[in-house]
Amino acid sequence: MKVRIHRGTREIGGTCIEVEDEGKRIVLDLGLPLDTDPVLVPVPGVPGLNEPDASLLAIVLSHPHLDHYGLVHKARLEVPALIGEAAWRILRAAAPFVRSGPPLGGRKVHFVSDRMPVRIGPFTVTPYLVDHSAYDAYAFCIEAGGKGVFYSGDFRAHGRKAALVDRLLNCPPKPIDLLLVEGTALGRGGGAFPTEEDLVPRFAKTFERTEGLALVWCSGQNIDRLNTVWKAARKARRGLIIDGYTAHVLAATGNRKCLQPDWPGASVFWPDNLRVHVARNNLFHLIDNPTWLRVYPERLAKLARRSAMLFRPSMLRDLEKADCLAGASVTYSMWRGYLDRDHKMTAAFKRWIGERKIPLHQIHTSGHADVPTLRRLIRALDAGTVVPIHSERPEKLKDLAKNVVLVNDGEWREVGGG
Ligand SMILES: [Zn+2]
């Protein structure tokens with residue numbers, strides 16, 4: 001068996017790994033590089049993605065984040081995809097809200113589930129459900145020709161599903177010849193990251209100190225974070241107002257233990273831009289929340305003191321029009337880099353809160369493994385060779401283990417070749 005990383009040996013995003021055995025191949029992830037135009041980026045040079053080549057058997061997707069699936073729609077439809085079922089439902093639920101359409105539409109899709117091995121030609125692929133900021137995320141063990149590769153995907157052990165990673169590390173698949181491990185956190189400090197649960201009291205305190213509407217800007221697909229915000233809102237005796245898009249994503253998890261838009265205390269708000277999008281594209285079926293669940297703009301001012309509300313800058317005009325911002329605060333709850341970036345939308349947002357003198361708080365923890373967790377994973381899997389991926393500082397992994405090898409994009413590497 002041999003492996004080549006097409007993108008990701010020295011970058012975060014655009015992940016794509018090709019695995020070959022007996023002349024047959026599979027691809028692990030087919031992501032969009034960060035900060036690129038999806039229209040202009042070509043798919044990596046994997047034979048069979050652009051032109052017919054029957055030796056390419058499947059595209060195996062670790063989780064529903066763009067930097068892992070964002071180029072799939074460009075690959076030939078004849079190549080089937082494997083993905084978790086809830087991940088697929090989330091992508092399907094989000095699709096009508098984005099211009100690019102359903103990323104897996106028209107393609108044959110097989111669902112993977114935790115620890116259920118799948119045979120693909122000479123490969124046995126065993127998925128391991130992991131803790132990550134994306135819902136239904138997997139690491140994979142790939143066995144072929146008597147060798148074993150473990151690909152961590154994106155993972156962490158400080159979220160709401162940390163027990164899954166503990167289980168994997170207590171009973172790891174063996175023997176592993178090559179470990180491909182994500183290194184997003186390398187070079188970002190060596191300590192442990194705060195857990196999702198650590199954020200609950202911090203959010204709750206911010207909500208309690210806010211006189212008016214407590215706005216939270218977080219990803220509508222970070223289900224762990226949405227549950228954190230929910231718990232904090234309840235602790236601070238506030239309801240949670242969820243936008244129509246996020247309500248669809250939450251429902252798509254199919255998990256009644258996760259926050260759902262019809263829980264008592266939750267309600268759904270359809271901002272103008274979403275309602276215009278729905279009307280323009282004749283998607284009226286999307287606004288399917290019963291009236292009792294909906295919050296209309298004219299009630300926002302009245303509910304402000306008793307509510308936390310999911311927010312993004314596209315909702316500024318709705319909030320202004322509803323006259324509900326007296327005493328409001330905004331808590332930014334994503335990677336700081338997005339906010340610091342020189343972008344038209346973030347610049348307008350920062351100008352707005354400055355002019356309005358709305359306090360901006362930041363509460364966040366990473367979706368990726370901290371250094372102590374990377375060390376635990378490397379030790380538990382005890383692979384012959386460890387190769388960092390999905391990292392801007394891959395060389396830093398050498399501080400954690402002796403058998404780390406740095407590779408270049410596009411280079412083939414024999415598994416078990418030392
Ligand atoms: Zn990623």
Side-chain angles (χ1 to χ4, degrees), residues 3 5-18 27-36 38 41 43-44 59-75 81-84 86-88 90-91 94 98 100 103-104 112 127-140 149-159 161 164-165 179-188 193 196 218-225 249 333-338 341 364-371 373-374 377 387-394 396-397 407 409:
V3 165
I5 299 172
H6 285 268
R7 274 198 202 111
T9 59
R10 276 169 188 80
E11 72 184 272
I12 294 170
T15 303
C16 177
I17 305 156
E18 185 180 7
V27 160
L28 307 174
D29 284 337
L30 191 48
L32 180 69
L34 294 182
D35 292 324
T36 46
V41 189
V43 291
I59 302 164
V60 183
L61 300 172
S62 62
H63 63 278
H65 273 168
L66 268 178
D67 62 324
H68 295 260
Y69 77 81
L71 292 179
V72 171
H73 66 285
K74 291 194 174 187
L82 285 84
I83 187 170
W88 175 79
I90 286 172
L91 290 178
V98 290
S100 51
L104 296 168
V112 297
Y128 290 84
L129 189 62
V130 290
D131 184 23
H132 181 41
S133 48
Y135 196 77
D136 205 19
Y138 294 88
F140 295 106
V149 171
F150 192 89
Y151 167 47
S152 72
D154 287 359
F155 82 108
R156 63 177 176 177
H158 56 275
K161 302 170 293 300
L164 294 168
V165 176
L179 166 62
L180 299 165
V181 60
E182 74 123 313
T184 316
L186 294 170
R188 293 185 185 173
F193 293 150
E196 265 310 310
C218 70
S219 158
Q221 290 194 26
N222 187 341
I223 307 297
D224 268 18
R225 185 61 42 82
V249 172
S333 189
M334 291 188 288
W335 179 53
R336 182 165 180 127
Y338 294 130
R341 222 180 272 174
H364 182 56
T365 191
S366 175
H368 298 276
D370 52 28
V371 165
T373 304
L374 293 176
L377 179 86
V387 171
I389 184 170
H390 201 280
S391 179
E392 283 165 350
R393 303 290 304 278
K396 284 271 178 193
L397 201 68
V407 298
D409 283 358

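Each ligand, and each atom within it, is numbered from 1 in the order the structure gives.
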State the OH-CG distance between Tyr69 and Leu104, to the nearest 0.5 angstrom.
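So the OH of Tyr69 and the CG of Leu104 are separated by 8.5 Å.
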Got a second to check how far Phe140's CZ is from Phe150's CZ, nearest 0.5 Å?
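The CZ atom of Phe140 sits 10.0 Å away from the CZ atom of Phe150.
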Without hydrogens or angle criteria, can the side chains of Asp154 and His390 be said to hold a donor-acceptor pair below 3.5 Å?
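Judged by distance alone, the side chains do pair up.
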Any side-chain heavy-atom pair from Leu82 and Trp88 closer than 4.5 angstrom?
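Counting from C-beta outward, Leu82 and Trp88 never come under 4.5 Å.
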I'd like to know if Asp409 pairs up with Arg7 as an ion pair, taking the criterion as any Lys NZ or Arg NE/NH1/NH2 lying under 4.0 Å from an Asp or Glu carboxylate oxygen.
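No.
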Listing by chain and number, which protein N, O or S atoms are under 2.8 Å from the Zn ion (ligand 1)?
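As for protein N, O or S atoms lying under 2.8 Å from the Zn ion (ligand 1), they are Asp67 OD2, His68 NE2, Asp154 OD2, His390 NE2.
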Among Arg188, His158, Glu182, Arg156, find the one that has a side chain to side chain contact (heavy atoms under 4.5 Å, CB included) with His368.
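With His368 as partner, side chain to side chain contact (heavy atoms under 4.5 Å, CB included) holds for just one option, Glu182.
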